[in-house]
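Before any comments, here is the structure.
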Number of protein chains: 2
Amino acid sequence: MARSIETSQLTVARAAAALFLQRGLAATSGADIAEAAGISERTVWRYFHNKESCVAPLFAKSWKYYAEELRRWPHFQSIEAHLAECFDLAKQPPEWIADGLLIVRLIATLPDEPDLRPVWLASYHRGEDELAAIIGDRLGRSHGDFDVRLCAAAVLAAIRVIDETISIAAIRYAQEFTTAEVVAQTAKSIRAVSHLPFCDPVEPRPFGGSGPMLSPDAERAGRTE
Amino acid sequence: MARSIETSQLTVARAAAALFLQRGLAATSGADIAEAAGISERTVWRYFHNKESCVAPLFAKSWKYYAEELRRWPHFQSIEAHLAECFDLAKQPPEWIADGLLIVRLIATLPDEPDLRPVWLASYHRGEDELAAIIGDRLGRSHGDFDVRLCAAAVLAAIRVIDETISIAAIRYAQEFTTAEVVAQTAKSIRAVSHLPFCDPVEPRPFGGSGPMLSPDAERAGRTE
DNA sequence: ATATAGTTTGACAGTAACTGCCAAAAATAC
DNA sequence: GTATTTTTGGCAGTTACTGTCAAACTATAT
């Protein structure tokens with residue numbers, strides 16, 4: 001049974017992250033990463049088109065964690081209730097802990113490794129469509145609706161800021177957070193930037209959607225894929 | 001009298017943008033950019049540490065335009081009033097028109113040039129501190145305050161989404177917008193994602209700031225510089 | 001105008017990042 | 001098992017990018 005390609009890429013990402021953290025991005029070569037990951041350099045460049053994006057799968061994992069939980073979010077539940085339920089660290093697979101630490105440490109080094117930040121931002125950005133779909137679904141609106149996309153972008157930015165704030169506080173200032181604190185802060189921040197009422201329980205409704213804010217053309221245009 | 005270095009970099013950016021738009025990022029070499037910009041390749045690499053970021057000055061200009069106007073924003077004025085005043089296209093220097101078109105066209109190609117998107121995102125990201133300062137100033141709060149930073153990130157995301165939506169609508173769907181439409185939509189979107197009341201007139205107040213949401217350490221930690 | 005100091009640039013050589021190509025290996029289907 | 005497709009490694013070649021140094025340019029002083 002073969003490992004999926006995502007798993008292989010994640011292996012490379014972990015190796016790359018460890019090296020970047022240890023000796024810095026500039027001092028790490030493609031050959032180093034390949035060796036640490038136990039594959040040929042050729043395959044590294046097949047997986048990623050540049051050195052920095054080798055860690056992208058880890059960053060993506062940070063968001064995918066949220067995405068998966070949000071997709072399961074029942075319509076009748078508030079965001080606070082749902083997050084409290086699924087953010088139980090004890091429920092996470094053990095490998096998550098190690099990856100989580102790697103991610104947090106990477107985020108904390110962003111100020112020192114400016115070339116890593118675009119990768120971080122782009123990883124999060126890829127979640128916008130997905131989040132728009134989730135929000136749209138909850139509100140019975142299209143994911144192409146301008147307001148829905150606006151909301152998704154703002155919420156994703158909020159989650160990103162929280163990730164950054166907490167990671168830096170944890171690594172650089174050795175601060176510790178309880179799960180409850182993180183959940184409360186996350187929910188509060190998401191609510192703060194949301195102008196659509198998707199955080200509260202909604203009754204399931206047939207797909208409908210309200211009028212677009214920009215013209216329909218502009219709406220279609222807004223989708224990135 | 002020497003041209004400032006920013007001007008030189010902008011020249012390179014314009015040349016690079018034209019080439020990227022014409023034949024694509026992959027088909028454009030560093031030597032091509034250098035030649036088109038009328039400087040040596042060595043200088044191109046001194047200005048930018050990779051090919052993609054050659055267009056960053058143009059992207060940055062897109063945000064700086066907002067930033068400058070917002071810094072001038074008088075405390076007693078609402079955001080609608082202020083934006084309406086300064087978004088008068090006739091008031092812009094003529095070179096702005098050409099650059100603006102270049103920027104809009106670049107944004108419209110982002111779906112086809114995925115390697116340009118990180119540059120776009122990072123350019124906007126660099127405005128977060130600046131915007132936090134503006135918002136903080138209006139509210140008499142510190143720019144390090146978590147809520148202020150959260151608000152800045154959300155507002156910047158909103159402006160970015162508007163830029164993307166309008167650019168794609170204009171280029172791919174040949175839609176046209178009046179200044180008034182753009183201003184109204186921008187102000188409305190900024191308000192939508194803002195949970196702090198900086199959009200309305202505020203009375204000038206001595207620097208004070210309310211209590212932090214996270215602990216002071218976490219607040220300091222959040223700043224990226 | 002000339003000297004001096006500081007900054008920016010180009011030339012060129014070298015290294016590291018990255019691609020194309022093809023054959024070996026591995027997975028999958030039958 | 002064989003046939004087919006997908007994934008991988010090896011290696012050669014190209015392009016992106018850096019280090020170094022001398023020439024050119026700017027600025028300020030006199």
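Chain A is the first sequence line, chain B the second, and so forth, proteins listed ahead of strands; every chain is numbered from 1.
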Could you tell me how far apart [X] ([atom1]) and [N] ([atom2]) are, to the nearest whole angstrom?
| X | N | atom1 | atom2 | result |
| --- | --- | --- | --- | --- |
| Asp32(B) | dA16(D) | CG | P | 8 Å |
| Ile33(B) | dA16(D) | CD1 | P | 8 Å |
| Glu41(B) | dT14(D) | CD | C1' | 12 Å |
| Ile5(A) | dT28(C) | CD1 | P | 12 Å |
| His49(A) | dC17(D) | NE2 | P | 12 Å |
| Gln9(B) | dT8(C) | CD | P | 11 Å |
| Asn50(B) | dA16(C) | CG | C1' | 14 Å |
| Leu19(A) | dA16(C) | CG | P | 15 Å |

Check: Is there a donor on the side chain of Arg46(A) or the base of dG9(D) sitting less than 3.5 Å from an acceptor on the other?
Finding: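 Pair found.
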Would you confirm whether [X], through its side chain, and [Y], through its main-chain N or O, come within 3.5 Å as a donor-acceptor pair?
| X | Y | result |
| --- | --- | --- |
| Arg160(A) | Ala153(B) | no |
| Ser40(A) | Thr43(A) | yes |
| Arg141(A) | Gly136(A) | no |
| Arg138(A) | Pro74(A) | yes |

Quick check for you: among [options], whose closest atom lies nearest to any side-chain atom of [X]?
| X | options | result |
| --- | --- | --- |
| Ser40(B) | dC17(D), dG9(D), dA11(C) | dA11(C) |
| Lys51(B) | dA11(C), dT8(D), dC17(D) | dC17(D) |
| Arg42(A) | dT20(D), dG10(D), dC17(D) | dG10(D) |
| Ile39(A) | dA17(C), dA16(D), dG9(D) | dG9(D) |

Notebook entry, point to check: For Thr43(A) and dG9(D), is the shortest distance between a side-chain N/O and OP1 or OP2 below 4.0 Å?
Noted result: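 So the side-chain polar atoms of Thr43(A) do come within 4.0 Å of the phosphate oxygens OP1 or OP2 of dG9(D), strictly under.
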Margin query: It should be established whether Tyr47(A) places a side-chain nitrogen or oxygen under 4.0 Å from OP1 or OP2 of nucleotide dT7(D).
Written below: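 It does not, given that no N or O in the side chain of Tyr47(A) lies less than 4.0 Å from OP1 or OP2 of dT7(D).
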Next item on the list: Kindly state whether the ring of Trp120(A) and the ring of Tyr124(A) have centres lying under 6.0 angstrom apart.
Entry: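 Centroid separation for Trp120(A) and Tyr124(A): below 6.0 Å.
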